[in-house]
Chemist: 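I have a structure here, written as C-alpha cells, and I will follow up with some questions on it.
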Amino acid sequence: MPAAHATNVHTTRRDQALHIILRGELDHYDAEDVDAAWEAADLAALATTVVDLAQVTFADSMLLNALLKARRRHDTAGREFILLGPLHPSVSRLLTISGTLEHFTILNSDPCGGRDGGHPHERGHSG
C-alpha cells in the first residue's frame, strides 16, 4: 500500500466558473480526488468549468479518461469545459499521442481573469 500523499486536486469558484486546479504527478492514486472534482462541477452546474493543468508534471490514462468523461458530461449539459495551460510536455504528449487533443478547448490564460499571460488556443492546440 502506498504512503499517503497530499492531494493534487483543488476546487474553487470564481464568478460563474468552477476552477479545478490539478498539480504534480497524477495517476490512479488520485482518481478518487479527480472524480470528486467532477462531481463538484456537476453539482455546481455553473456555465463553465476550467481545469488548470499548468502545474501537472505527469499524467496517465486515468487523467485522460477522466478529462474525456468530464468533457462529455459538460457537453451533454450545455456547459463549457476548458483546459488551462500551458501544458507540460508530458501532458501535451499524452493528449497528442492519444488523438484527443482536438477534443478540448485549451487556453494559456484564464478566461475568468485569473492567471495572466499567454494567448488563447482553441481545440487542437496546446501552445
Chemist: Could you see if Leu63 belongs to whatever hydrophobic cluster contains Phe104? Use Ile, Leu, Val, Met, Phe, Trp, Tyr and a side-chain cutoff under 4.5 Å.
Modeler: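 Same hydrophobic cluster.
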Chemist: Taking the side chain as every heavy atom from C-beta outward, state whether His74 and Glu80 have any atom pair closer than 4.5 Å.
Modeler: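 SC-SC contact between His74 and Glu80 ruled out.
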Chemist: Ring-plane angle category for Phe81 and Trp38, please: parallel below 30°, perpendicular beyond 60°, tilted otherwise.
Modeler: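 Because their plane-to-plane angle is over 60°, the rings of Phe81 and Trp38 count as perpendicular.
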Chemist: Side-chain contact, heavy-atom cut-off 4.5 Å: Leu87 with Val56?
Modeler: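 Leu87 vs Val56: side chains apart.
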Chemist: Would you say the side chain of Val51 lies within less than 4.5 Å of the side chain of Thr49, judging by non-hydrogen atoms?
Modeler: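 Yes - at least one pair of side-chain heavy atoms lies under 4.5 Å apart.
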Chemist: Can you tell me how far CG of Leu94 sits from NE2 of His88, rounded to the nearest 0.5 angstrom?
Modeler: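 The NE2 atom of His88 sits 12.5 Å away from the CG atom of Leu94.
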Chemist: In sequence, state the C-alpha distance, the side-chain angles, and the governing distance for Arg23 and His10, and then conclude on side chain to side chain donor-acceptor pair (under 3.5 Å).
Modeler: CA-CA 9 Å; Arg23 295 184 177 122; His10 303 276; 3.2 Å; yes
Chemist: Does the side chain of Leu68 come within less than 4.5 Å of Thr100's, by heavy atoms?
Modeler: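 A side-chain contact exists here, since the closest heavy-atom pair is under 4.5 Å.
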Chemist: To the closest 0.5 Å, what do you measure between CG (Leu26) and CG (Asn8)?
Modeler: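 Going from CG on Leu26 over to CG on Asn8, the span is 5.5 Å.
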Chemist: Which atom names give the shortest non-hydrogen contact between Leu46 and Ala17, and what distance separates them?
Modeler: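 Looking at all heavy atoms of both residues, the closest pair is CD1-C, 3.5 Å.
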Chemist: Atom CD in Glu25, atom OG in Ser90: separation rounded to 0.5 Å?
Modeler: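 One finds 8.5 Å between CD of Glu25 and OG of Ser90.
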Chemist: Where do Pro86 and Asn108 come nearest, in terms of heavy atoms and distance?
Modeler: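 That closest heavy-atom pairing would be CA-OD1, 3.2 Å.
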Chemist: Would you give the length of the straight line joining atom CE of Met62 to atom NE2 of His28, rounded to the nearest 0.5 angstrom?
Modeler: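 Between atom CE of Met62 and atom NE2 of His28 there are 9.5 Å.
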Chemist: Quick one: closest heavy-atom pair of Ala41 and Leu18, and the distance?
Modeler: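 Closest pair (atom of Ala41, atom of Leu18, distance): CA-CD2, 3.3 Å.
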Chemist: Rounded to the nearest 0.5 Å, how far does CG of Leu84 lie from CG of Leu22?
Modeler: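 With rounding to 0.5 Å, CG (Leu22) is 10.5 Å from CG (Leu84).
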Chemist: Which distance, rounded to the nearest 0.5 Å, do you find between the CZ of Arg71 and the CG of Asp75?
Modeler: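 The distance works out to 5.0 Å.
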Chemist: I need the full list of salt bridge (charged side-chain N to carboxylate O under 4.0 Å, His left out) pairs touching residues 36-45, with sequence neighbours left out, sorted by first then second residue.
Modeler: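 Salt bridge (charged side-chain N to carboxylate O under 4.0 Å, His left out) check on residues 36-45 returns Asp42-Arg73, Asp42-Arg79.
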Chemist: I'd like to check Leu95 versus Leu64 (side-chain heavy atoms, cut-off strictly below 4.5 Å). Are they in contact?
Modeler: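 Yes, at least one pair of side-chain atoms sits under 4.5 Å.
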Chemist: Evaluate the side-chain proximity of Val50 to Ile20: yes if any heavy-atom separation is below 4.5 Å, no if none is.
Modeler: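 Not touching, per the 4.5 Å side-chain cut-off.
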